[in-house]
There are 2 protein chains.
Amino acid sequence: MTEVNNTNAIVEMLERHLAAKGMRRTPERFKILEQVLCMPKEFVIEDLNKAMANNSFMVSQSTLYNTVDLFVDAGILRRIIIDDGPSHYVKEDGVNYIHLVCDECGKIKLLKDLNFMAYMNARKFPAFTTRDYNFTVYGICNDCARRIKREQREAKAAKKKNH
Amino acid sequence: MTEVNNTNAIVEMLERHLAAKGMRRTPERFKILEQVLCMPKEFVIEDLNKAMANNSFMVSQSTLYNTVDLFVDAGILRRIIIDDGPSHYVKEDGVNYIHLVCDECGKIKLLKDLNFMAYMNARKFPAFTTRDYNFTVYGICNDCARRIKREQREAKAAKKKNH
DNA sequence: TTTACTGCAAATATTTTGCAATATC
DNA sequence: GATATTGCAAAATATTTGCAGTAAA
């Protein structure tokens with residue numbers, strides 16, 4: 001896992017990967033990377049597609065999927081599969097985040113836990129060689145918890161009024 | 001999470017859940033449960049479907065999906081989403097297993113780690129109330145590692161022979 | 001008798017693939 | 001000029017849904 005700090009370093013990562021694999025330097029690949037760098041830390045393909053369209057640089061679905069795969073191979077993105085919806089992509093920064101997924105709003109919070117990472121880096125499993133791991137926690141975020149409580153309070157009040 | 005030990009206890013779990021929710025005791029539900037009890041600890045819908053067919057008790061896809069969902073609600077099964085393929089289901093036994101997924105053969109090994117469970121039960125996350133968690137480790141199982149090594153050795157030997 | 005449940009077929013959502021046209025090397 | 005890459009449309013995969021008929025309560 002490489003620590004990635006700035007735009008140039010990431011573009012160079014792509015350049016090196018393309019060179020190493022004998023792949024071509026197409027405008028699509030660099031434009032998509034440019035857009036990825038402007039995205040939030042975690043996003044889905046659809047977000048990326050819309051962002052490309054907003055910046056008047058449409059590419060086909062196949063190119064978008066292929067290119068994002070390429071970025072995963074190049075160590076620029078990390079793919080995480082959290083639920084039965086679309087894959088999520090996290091910009092690689094050397095941190096393997098814990099994913100806090102809210103059952104209510106579906107939002108994903110990324111939690112950096114260096115202790116847990118250190119534990120995992122040291123940890124061995126029987127008859128198995130680790131490449132990567134994914135730790136996802138499901139529950140309710142405080143925003144939704146508050147909203148639900150308020151809604152319950154309001155529903156109760158409305159019921160009382162009707163009697 | 002309820003500790004589940006035997007067939008009768010699980011059938012009773014279903015009975016109780018149906019009664020509590022005012023749902024009907026259909027033959028499909030009990031037949032599917034019977035089959036689930038004969039499945040390995042971890043399976044996918046397709047496996048279950050085939051097993052039902054082998055035992056000459058076909059149900060429709062919708063019923064199978066609905067019923068497995070029902071079993072998840074009843075605490076009989078746990079759904080885990082591991083890759084971009086189908087959902088996996090694990091028979092609930094009060095243990096939240098670590099999932100070791102082999103990149104090569106796709107097989108999933110369930111690893112019971114009571115220390116990790118205790119750690120997770122105690123662990124709190126900021127602004128978040130935990131309901132469940134899923135810990136998946138990706139890598140290469142020893143069987144595949146050995147196979148790959150052997151194949152590489154054989155490929156080398158074949159190359160040498162051709163020269 | 002009421003309506004929850006089943007099964008069928010069609011819809012949905014996400015991703016992959018085959019192939020002709022294009023652009024990089 | 002050779003072929004990797006793109007874009008389009010269609011296919012593949014997994015699951016959900018609408019609805020008419022059936023059966024549990």
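Proteins come first, then strands; the chains are lettered A, B, ... in the order of their sequence lines, and each starts at number 1. Values below: every heavy atom of this structure, side chains too, minus hydrogens, waters and symmetry copies. Everything quoted here is computed from the prediction, not taken from an experiment.
Comment: Asp93(A) engages Lys41(A) in a salt bridge, judged by a side-chain N to carboxylate O separation of less than 4.0 angstrom.
For the pair Met23(A) CE and dT5(D) P, the computed distance is 5 Å after rounding to whole Å. Summarising the geometry, the separation between NZ on Lys31(A) and P on dT24(C) is reported as 15 Å, rounded to the nearest angstrom. Summarising the geometry, the separation between CD on Glu28(B) and C1' on dT6(C) is reported as 6 Å, rounded to the nearest angstrom. A straight line from CG of Asn66(B) to C1' of dG18(D) spans 13 Å, rounded to a whole angstrom. The nearest whole Å value for the distance from the CD atom in Gln61(A) to the P atom in dA11(D) is 17 Å. Between Arg29(A) atom CZ and dC25(C) atom P there is a gap of 10 Å when expressed in whole angstrom units. Protein atom CG of Asn49(B) is 15 Å distant from nucleotide atom P of dT13(D), rounded to whole Å. Taking atom CD1 of residue Ile81(A) and atom P of nucleotide dT13(D), one finds them 17 Å apart after rounding to whole Å.
With hydrogens and angles disregarded, no donor-acceptor distance shorter than 3.5 Å links the side chain of Asn55(B) to the backbone of Met52(B).
Residue Thr63(A) places at least one side-chain N or O under 4.0 Å from the OP1 or OP2 atom of dG7(D). Listed pair Thr26(A) / dA23(C) fails the phosphate criterion, with no side-chain N or O lying under 4.0 Å from OP1 or OP2. The phosphate of dT16(C) has neither OP1 nor OP2 within less than 4.0 Å of any side-chain N or O from Tyr65(A). Applying the 4.0 Å criterion to OP1 and OP2 of dT14(C), one finds that Ser87(A) has every side-chain N and O outside that range.
Residues Pro27(B) and Arg79(B) both approach DNA chain D. Their nearest nucleotides, taken by heavy-atom distance, put Arg79(B) toward the 5′ side. Comparing Asp69(B) and Arg25(B) along DNA chain D, the residue whose closest nucleotide (by nearest heavy atom) sits nearer the 5' end is Asp69(B).
Below 30°, between 30° and 60°, or above 60°: for Phe125(B) and Phe135(A) the angle between ring planes is above 60°, a perpendicular geometry.
Remark: the Ser62(B) side chain and the dC5(C) base include no donor-acceptor N/O pair separated by less than 3.5 Å. In the interface, the side chain of Arg24(A) is not paired with the base of dT6(D) through any donor and acceptor atom under 3.5 Å apart.
Between the side chains of Asn134(A) and Thr136(A), a donor-acceptor pair is found at a separation under 3.5 Å.
The hydrophobic cluster containing Met13(B) also contains Val36(B), counting ILVMFWY residues as joined when their side-chain heavy atoms lie under 4.5 angstrom apart, directly or transitively.
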